[in-house]
Amino acid sequence: MYKTKMYLFLVTCSLTRLGFAQETSPVSGKISSSGELLKNIKITNLHTGITTYSDDEGRFNIPALKKDSLLFSSGFFEEKVIVVRPGHFKEALHIDLTEKVNQLDEVIVEDKYIAPDFDEKAYSNGLQKQIAEDMKNDPTKYMTNMSGNMDFVLIFNLIYGLFKKDKPKEAPPKTIVYEELDNLFRNDPFFTEKLLTNELKIPEDYRGLFLVYCESKKIDATLLAQENQFDLLNQLILHSKEFLYSVDNADSEPWH
């Protein structure tokens, strides 16, 4: 009887120590690239699914176990994965990310590709006249440094043809409007004018046109929240490619 109780006691102690060993501990450090600290970098524990982001000074803190894999990801940097070792719990990590190069330049357009939703039959004549009149009265609202022989009224008709003519029976969810996008690129530290020009490849002359195009795509307004900025970035990347393709074809196609 004594040996049986002693055996059960030892087994209980072993299981208790094992339980404590499985408790997570924080792994912390800083993230940088070329000596510059990076904020809003996504850190994901691939074992537990826990996610966090680096702060304004590039610092992060995430719970982990030994041998967990931590994924560091961002829209503008190459992904990096590290496997947690015992030493990582004792000292701060220094994560260096490599900036992506020309990631937005590789746009492949097939010969028979047709931009989605661009159906001339779906244009609303009333809305075409409204936009043309508004642009005539206040052209600076939509573009800067307009030059060349392109028919901008025609392009606006093309873009606003995306709006549905019939009103829904129920109030639609709030979407991002032109003024919000304009304010975003003028004042937000992440969505800057430089990002619009260099990363999304939108020429300065087409800035206003692109913002109007994005409004017509009815992007969910909840993506303006800081925690959703990477989802918004993905939407803008997609729409910038569609926009540039559509404008190139509108510019080259003979209109009568």
Side-chain angles (χ1 to χ4, degrees), residues 11-108 176 184-185 187-202 219-241:
V11 170
T12 302
C13 291
S14 298
L15 292 175
T16 302
R17 287 197 299 269
L18 180 60
F20 282 119
Q22 293 301 312
E23 292 182 357
T24 59
S25 297
V27 174
S28 59
K30 288 188 176 182
I31 307 173
S32 63
S33 178
S34 300
E36 181 179 354
L37 296 176
L38 303 177
K39 67 176 181 178
N40 295 323
I41 300 299
K42 185 177 181 180
I43 305 100
T44 304
N45 186 321
L46 299 179
H47 177 71
T48 64
I50 296 175
T51 296
T52 186
Y53 293 86
S54 58
D55 63 16
D56 291 343
E57 297 181 358
R59 296 175 298 191
F60 71 92
N61 188 296
I62 187 170
L65 294 168
K66 184 176 66 173
K67 295 184 179 181
D68 279 359
S69 296
L70 302 182
L71 170 64
F72 298 82
S73 58
S74 168
F76 299 108
F77 297 91
E78 300 289 348
E79 292 184 350
K80 190 169 189 176
V81 176
I82 68 165
V83 178
V84 178
R85 300 192 302 270
H88 293 156
F89 299 112
K90 300 177 182 178
E91 56 184 23
L93 298 180
H94 295 281
I95 305 299
D96 184 66
L97 299 183
T98 302
E99 187 173 1
K100 292 181 179 178
V101 179
N102 296 327
Q103 291 297 307
L104 299 180
D105 290 338
E106 299 179 2
V107 182
I108 301 176
I176 301 176
L184 181 72
F185 283 104
N187 302 307
D188 191 88
F190 182 79
F191 291 96
T192 62
E193 295 286 352
K194 182 178 179 181
L195 182 147
L196 184 66
T197 303
N198 296 343
E199 303 297 338
L200 300 183
K201 308 301 182 184
I202 302 301
I219 303 173
D220 192 338
T222 60
L223 296 186
L224 289 171
Q226 184 176 8
E227 62 268 23
N228 297 328
Q229 65 180 4
F230 286 103
D231 292 331
L232 177 57
L233 175 62
N234 288 334
Q235 289 287 313
L236 293 176
I237 290 173
L238 172 63
H239 297 327
S240 67
K241 293 177 181 178

| query | Lys67: what forms a side-chain contact (heavy atoms from CB on, under 4.5 Å) with it, not counting sequence neighbours? | reply | none
| Criterion side chain to side chain contact (heavy atoms under 4.5 Å, CB included) on Leu46 and Leu70, from CA distance to verdict | CA-CA 6 Å; Leu46 299 179; Leu70 302 182; over 6 Å; no
| field | Contacts of type side chain to side chain donor-acceptor pair (under 3.5 Å), residue Ser73, not counting sequence neighbours | value | none
| field | Counterpart residues, side chain to side chain donor-acceptor pair (under 3.5 Å), relative to Glu193 (two or more places apart) | value | Arg207
| task | Report the residues that fulfil side-chain contact (heavy atoms from CB on, under 4.5 Å) with Leu238, sequence neighbours left out, ordered by chain and then residue number. | result | Glu242
| field | Interatomic spacing from CD in Glu227 to OG1 in Thr222 - rounded to 0.5 Å | value | 9.0 Å
| With no hydrogens and no angle check, is any side-chain donor or acceptor of Asp68 less than 3.5 Å from a backbone partner on Leu65? | yes
| query | Any donor and acceptor pair, going by atom type alone, linking the side chain of Asn45 with main-chain N or O of Thr48 inside 3.5 Å? | reply | yes
| field | Contacts of Arg85 that satisfy side-chain contact (heavy atoms from CB on, under 4.5 Å) - sequence neighbours left out | value | His88
| request: State the CD-CG distance between Gln235 and Leu223, to the nearest 0.5 angstrom. | output: 6.0 Å
| request: Could you tell me which non-hydrogen atom of Phe89 sits nearest to which non-hydrogen atom of Pro26, and how far apart they are? | output: CD2-O, 3.7 Å
| said: I need the minimum non-hydrogen distance between Thr44 and Ile62, along with the two atoms involved. | reply: C-CD1, 4.3 Å
| CD1/Ile50 to OG1/Thr24 distance, rounded to the nearest 0.5 angstrom? | 6.5 Å
| message | Going by side chain to side chain donor-acceptor pair (under 3.5 Å), name the residues that satisfy it together with Asn187, two or more places apart in sequence or in a different chain. | response | Asn183
| Residues in side chain to side chain donor-acceptor pair (under 3.5 Å) with Asp55, at least two apart? | Arg59
| request: Indicate yes or no for a side-chain donor-acceptor contact from Ser240 to the backbone of Ile237 under 3.5 Å, with no hydrogens or angles considered. | output: yes
| task | Working to the nearest 0.5 Å, report the span between NZ of Lys100 and OG of Ser74. | result | 7.5 Å
| request: Assess whether side chain to side chain contact (heavy atoms under 4.5 Å, CB included) is satisfied between Leu232 and Leu184, documenting all intermediate values. | output: CA-CA 11 Å; Leu232 177 57; Leu184 181 72; 3.9 Å; yes
| message | List the residues meeting ring pair (Phe, Tyr, Trp, His ring centres under 6.0 Å) with Phe77, not counting sequence neighbours, and say none if there are none. | response | none
| task | Just jot down the side-chain contact (heavy atoms from CB on, under 4.5 Å) partners of Gln226, sequence neighbours excluded, or say none. | result | Asn40, Gln229
| task | Look at atom NZ of Lys39 and say whether more than 12 heavy atoms of other residues, nucleotides or ligands are closer to it than 6.0 Å. | result | yes
| request: Could you tell me whether the side chain of Asp188 and the main chain of Phe191 form a donor-acceptor pair under 3.5 Å? | output: yes
| remark: Quick note, ring-ring contact (aromatic ring centres under 6.0 Å, His included) partners involving residues 36-72, not counting sequence neighbours, are Phe60-Phe72
| note | Residues Ile41 and Ile43: closest non-hydrogen pair is O-CD1, 3.2 Å
Anything under 3.5 Å between a donor and an acceptor, one on a side chain of residues 27-34, the other on a protein residue two or more places apart or in another chain? List them.
{"from": "Ser33", "atom 1": "OG", "to": "Leu97", "atom 2": "O", "distance (Å)": "2.9"}

| message | According to ring pair (Phe, Tyr, Trp, His ring centres under 6.0 Å), who are the partners of Phe230, at least two apart in sequence or on a separate chain? | response | Phe190
| Test item: Lys80 side-chain N/O and Asp96 main-chain N/O as donor-acceptor pair under 3.5 Å | yes
